[in-house]
Amino acid sequence: MSSYEEASAYLRKIKETLEASGRKEEWEAYFSEIKEENRRKRRLLEILEMLGQDRIIMGERKVS
């Protein structure tokens, strides 16, 4: 597992925690900042974009 993939697991937890506590705007600002600061790292941006997508678990759609 790459460092970017490992970091994405922690970022997903941050996203879920902030959204669950009603702080979605804070997550979106933080996420935008990360993407802007790392705009030249294409592989990282690909992984970050996956955070913005819904996940499919066991054939059911889970909205994250």
Side-chain angles (χ1 to χ4, degrees):
M1 176 180 289
S2 76
S3 298
Y4 292 157
E5 291 168 335
E6 190 172 334
S8 73
Y10 291 104
L11 288 170
R12 183 172 298 281
K13 289 179 183 185
I14 293 168
K15 174 187 178 191
E16 292 170 353
T17 301
L18 289 174
E19 288 182 350
S21 62
R23 295 163 54 193
K24 185 174 183 174
E25 295 81 21
E26 186 177 341
W27 162 252
E28 291 171 355
Y30 180 61
F31 189 60
S32 293
E33 184 179 327
I34 291 171
K35 289 194 313 185
E36 178 61 28
E37 289 177 2
N38 295 284
R39 65 184 174 270
R40 294 183 180 195
K41 298 176 182 173
R42 283 187 266 157
R43 181 63 185 141
L44 176 59
L45 292 177
E46 289 173 8
I47 291 171
L48 291 176
E49 285 305 314
M50 288 189 289
L51 284 175
Q53 300 175 356
D54 293 342
R55 293 187 296 175
I56 298 174
I57 299 176
M58 297 174 52
E60 296 181 25
R61 186 179 173 108
K62 178 182 177 186
V63 178
S64 36

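Residues W27 and E19 meet the side-chain proximity criterion, which asks for heavy atoms closer than 4.5 Å.
Scanning for side chain to side chain contact (heavy atoms under 4.5 Å, CB included) contacts around E28 gives K24, with sequence neighbours left out. With sequence neighbours excluded, the residues forming a side-chain hydrogen bond (donor to acceptor under 3.5 Å, both in side chains) with E49 are K35, listed by chain and number. Remark: R42 engages no residue in a side-chain hydrogen bond (donor to acceptor under 3.5 Å, both in side chains) (not counting sequence neighbours). Legend: residues meeting side chain to side chain contact (heavy atoms under 4.5 Å, CB included) with R43, ordered by chain and number and at least two apart, are Y4, E5, E46, I47. For E36, the salt bridge (Lys or Arg N to Asp or Glu O under 4.0 Å) test picks out R39, with sequence neighbours left out. Residues forming a side-chain hydrogen bond (donor to acceptor under 3.5 Å, both in side chains) with E37 (at least two apart in sequence, or on another chain): none. Among residues two or more places apart in sequence or in another chain, the side chain to side chain contact (heavy atoms under 4.5 Å, CB included) test is passed with I34 by L11, Y30, N38, L48.
Between the CD atom of E26 and the CD1 atom of I14 there is a distance of 10.5 Å, given to the nearest 0.5 Å.
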